[in-house]
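Report on one structure; see the data block that follows.
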Amino acid sequence: MDTILNTLLELDGQALLFIQNHLRFEELNPFMIRFTNLGEFGLIWIIITVLLLIPRRSRRAGICSALALIASLCVTNLFLKNYVARVRPYEVVEGLTSLLGPVSEWSFPSGHASSSFAAATAIYKSRPKRVGVPCIILAALLAWSRLYVGVHYPSDVIGGAVIGALLGLIVFWIFGEKSYKKKARRRRQR
């Protein structure tokens, strides 16, 4: 088991060095730093959630998104990060630099990826695709930005995305699914 984990860590580190050496561009760095900061404390998702809560027709999606964000915070930031206690990659991978400087929390799983995919999945399931698909794309770009700036391993981001998507699906299943099924039944009856 140790060899598998060591291989994973090595591949994670090599992927980050590849991103740093071949996919980082000086001109793009300021934009990526600002972009990744949109995910700080789930800020962009809180704004989107509040906007969804205002109109009545999107309120269920806003509620699902809010609950998914809260679930992500509890599972990822309050429990898993402290339980796993994985050190940030720029502290371990030789030659890797963080564009953000030191980050105070543990690395696994990525809270940005988890909150992004939790909210985006809840919204995707609750709203039409013209709203849901851009949210999924935004979540993927925010998750990618964490690799770009060098503060997460790829496995942190993948783990966070999977956890977030599962939480978004669970929240939708519990709080959004009933309404969704009722609307579908009404459409069939017409």
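Heavy-atom basis, side chains included; hydrogens, waters and symmetry copies ignored.
Side-chain contact between R88 and Y153 is absent, with no heavy-atom pair separated by less than 4.5 Å. Proximity of L11 to Q14: side-chain heavy atoms (C-beta onward) are separated by under 4.5 Å at one or more points. Between S114 and P109, the closest side-chain pair of non-hydrogen atoms is not below 4.5 Å. Side-chain contact check for P154 versus L147: some heavy-atom pair is nearer than 4.5 Å. When side chains are defined from C-beta on, L138 counts as touching W45, because their heavy atoms get closer than 4.5 Å.
I170 pairs by the side-chain contact (heavy atoms from CB on, under 4.5 Å) definition with I174, not counting sequence neighbours. When the ring-ring contact (aromatic ring centres under 6.0 Å, His included) test is applied to Y83, the partners found at least two apart in sequence or on another chain are F79. Among residues two or more places apart in sequence or in another chain, the side chain to side chain donor-acceptor pair (under 3.5 Å) test is passed with Y148 by N29.
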Acceptor/donor pairs from residues 30-44 side chains to any protein atom, 3.5 angstrom cut, sequence neighbours excluded:
from : atom 1 : to   : atom 2 : distance (Å)
T36  : OG1    : S145 : OG     : 2.8
T36  : OG1    : R146 : NH1    : 3.1
N37  : ND2    : I33  : O      : 3.1
E40  : OE1    : H112 : NE2    : 3.4

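Nearest heavy-atom pair, W106 versus K81, reported as atom, atom and distance to 0.1 Å: O-NZ, 2.8 Å. The shortest non-hydrogen separation linking G159 to F108 is CA-CE1, 4.3 Å. Heavy atoms only, all atoms of each residue included: L16 and P89 are closest at CD1-CB, 3.4 Å. Heavy-atom minimum distance, G111 versus T76: CA-CG2, 3.9 Å. Between P134 and K129, the shortest heavy-atom contact is CD-O, 3.7 Å. Here the closest heavy-atom approach between residue C135 and residue A120 is recorded as O-CB, 3.4 Å.
Both F175 and W173 belong to a common hydrophobic cluster when Ile, Leu, Val, Met, Phe, Trp and Tyr are linked at side-chain heavy-atom distances under 4.5 angstrom. There is a path of hydrophobic side-chain contacts, each under 4.5 Å, that joins L99 to F18. Put simply, L141 and V131 are part of the same group of oily side chains (I, L, V, M, F, W, Y) that touch within less than 4.5 Å, one to the next. By the criterion of side-chain heavy atoms lying less than 4.5 angstrom apart, applied directly or through intervening Ile, Leu, Val, Met, Phe, Trp or Tyr residues, I136 is grouped together with I123 in one hydrophobic cluster.
Between the CD1 atom of I70 and the OG atom of S115 there is a distance of 12.5 Å, given to the nearest 0.5 Å. Of the inter-residue distances, the one linking D156 atom CG with L80 atom CG reads 11.5 Å to the nearest 0.5 angstrom.
Of the residues L51, L53, L52, I63, the one that meets the side-chain contact (heavy atoms from CB on, under 4.5 Å) test with S58 is L52.
With T7 contributing its side chain and T3 its backbone, the two residues share a donor-acceptor pair below 3.5 Å. Using a distance-only test at 3.5 Å, with no hydrogens or angles considered, a donor-acceptor pair links the side chain of Y90 to the main chain of V103. Side chain of Q20 to main chain of G150: no donor-acceptor pair is present (N/O by atom type, distance under 3.5 Å, no hydrogens or angles). In this structure, the side chain of S110 does not engage the main chain of V157 through any donor-acceptor pair within 3.5 Å.
For the salt bridge (Lys or Arg N to Asp or Glu O under 4.0 Å) condition, the pairs that include at least one residue of residues 6-32, sequence neighbours left out, are D12-R86. For the salt bridge (Lys or Arg N to Asp or Glu O under 4.0 Å) condition, no pair includes a residue of residues 108-124, sequence neighbours left out.
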